[in-house]
Amino acid sequence: MPGGANPSTPNPRTRNKIQPRQKVVVALFKYEARESGDLSLEKNQEYEVIDDSQENWWKVKDAKGNTGFIPSNYVKEKKLLGLQQYEWYVGDMSRHISESLLRQEDKEGCFVVRNSSTRGLYTLSLYTKIPHPHVKHYHIKKNDKSEFYLSEKHCCNSIPDLINYHKHNSGGLASRLKTSPCDRPAPATAGLSHDKWEIDHNELMLLEELGSGQFGVVRRGKWRGSIDVAVKMMKADTMSEDDFIEEAKVMTKLQHNNLVQLYGVCSKSRPIFIVTEYMKYGSLLKHLQYLEKNQSISQGLLLDMCIQVCKGMSYLEKHNYIHRDLAARNCLVGTENIVKVADFGLARYVLDDQYTSSGGSKFPIKWAPPEVLNFTLFSSKSDVWAFGVLMWEVFTCGKMPYGKLKNTEVVERVQKGLILEKPNQCCKEVYEIMRKCWSHLPEHRPSFRVLIEQLLSISRSILVD
Ligand code: AMP
């Protein structure tokens, strides 16, 4: 075929044409396969993504060609890895959580780099024992040559170079950078394995009682002897079980750092168990009351708790999921001062009229806006009203809203537009946000998405980030 191309020889022009690239991810945490069909992950190893059509569980291939499902929140796409490949980078961690993490490590020169609350900037948080144990926060600044620095005399082309420099020279910092907290706890997975929401009762070991609530007793447990879980043992006849079991399939898929993860249910035997992520410090309400008695609490810490709840709620809002019973008693606190929203959506399955009807004695009247009191009309905006009350609970360290007022008196006040007074600990900007949450008309209340920005902006102005 003179002059013509032989179809079987590659055209030299296209030989090097880039193939549509496979998505390659790097494991941020170790993961042990739990079911056949899962694949184990080794931290820092690369995997090729075969199927990422589901949000929470992706099918990947390892270097040996083994394939299986892995939790998508355990990996990060290689090309987006950026600073995440470094042990010292902790992403969106707040000032307070970084402080509790570093204090817990208690090592001179222990540090992390985190995203500053001003988008695009970074903060170095450093622990030193001199002259007394404390954490110092430094903004990583950029000069007009786009170089990074902590002290103007020592500029570097990249943040990793800067960190490396200060590992060898304190260069004006309170200490040389020595170590960073390694092996941070892996996050909860959306369900205990891919497409798994039914949990075998025999694989749960039940341990001590953690508390009890509307549905019955909650106990700590271990799944397959190793994974910490909380087990809600549902009292008979307290909920419409079949409807809830259906819903649990959807709820296990909701996954966010500030939501208590639902792992699944044991529905084959009675009583049914709801199995969730275990949160070491229990209810936010009790935790606030404990903190008030046992240590001085700063506005910053309280604001940080509100921001965390707001982030979890913003995720629910984005997924059109209404909580219906948001309150400090329904949030939980875990290690590193992390706060997560629990029990979202459960209220719909409660059978007790006293809880579900706005005239009932167990109905959360004090967290309810006018449209819920009048027409039982729930929406993300009724959650926003409840969030304002939760902020009030946080800033009063767990006081009862409206004190000893009876429910009927509270309803009268709310209908008249009378709102909770400003807590002593709270600045006027924070109280202004609560007031916006308590706007009479739902459409006048801000969304959770907007609230996050407003709360972060206050946090930047009252704190040296
Ligand atoms: P509830 O039935 O959700 O109101 O839970 C009752 C109490 O059990 C809470 O106030 C907590 O003290 C405790 N509890 C519930 N869920 C968990 C969990 N996931 N981790 C730790 N403690 C929990």
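Keep in mind that the numbers below use all heavy atoms, side chains included, and drop hydrogens, waters and symmetry copies. We count ligands from 1, going down the list as the structure has it; atoms in each ligand are counted the same way.
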Less than 6.0 angstrom from the centroid, inside 45 degrees of the normal: does Arg329 satisfy that with respect to the ring of Trp367? yes

Quick one: nearest non-hydrogen protein atom to atom 15 (C) of ligand 1, plus distance? Val218 CG1, 3.6 Å

Among all protein heavy atoms, pick out the one at the shortest distance from atom 3 (O) of ligand 1; state its residue, atom name and that distance to 0.1 Å. Lys232 NZ, 2.7 Å

Looking at atom 4 (O) of ligand 1, what's its closest protein heavy atom, distance included? Gly213 CA, 3.9 Å

Short side-chain donor-acceptor distance under 3.5 Å, His137 and Thr123: no

Considering only non-hydrogen protein atoms, determine which one is nearest to atom 20 (N) of ligand 1 and report residue, atom name and distance to 0.1 Å. Met279 N, 2.9 Å

May I ask you to list the atoms of ligand 1 that are less than 4.0 angstrom from any heavy atom of Thr276? 19 (N)

More than 12 heavy atoms from other groups under 6.0 Å of NZ on Lys178: yes

Determine whether any heavy atom of Ala342 lies closer than 4.0 Å to an atom of ligand 1. no

closest protein heavy atom to atom 12 (O) of ligand 1 is Leu210 O, 3.6 Å

Which label fits Tyr281 and His287: parallel for a plane angle under 30°, tilted from 30 to 60°, or perpendicular past 60°? tilted

Ranked by distance from atom 17 (C) of ligand 1, the top protein heavy atom is Leu332 CD1, 3.5 Å

Atoms of ligand 1 less than 4.0 Å from Ser283 heavy atoms? 10 (O), 12 (O)

Mind checking whether Trp385 and Trp438 have parallel, tilted or perpendicular rings, split at 30° and 60°? tilted

Establish, yes or no, whether a centroid distance under 6.0 Å links the rings of Phe111 and Tyr127. no

Once you measure the plane-to-plane angle for Phe363 and Phe378, does it fall in the parallel (<30°), tilted (30-60°) or perpendicular (>60°) bin? tilted

Among all protein non-hydrogen atoms, which one is nearest to atom 19 (N) of ligand 1, and what is the separation to 0.1 Å? Glu277 O, 2.8 Å

Under 3.5 Å between some N or O of ligand 1 and some N or O of Asp343? yes

Cation over ring, Lys23 on Trp58, under 6.0 Å and within 45°? yes

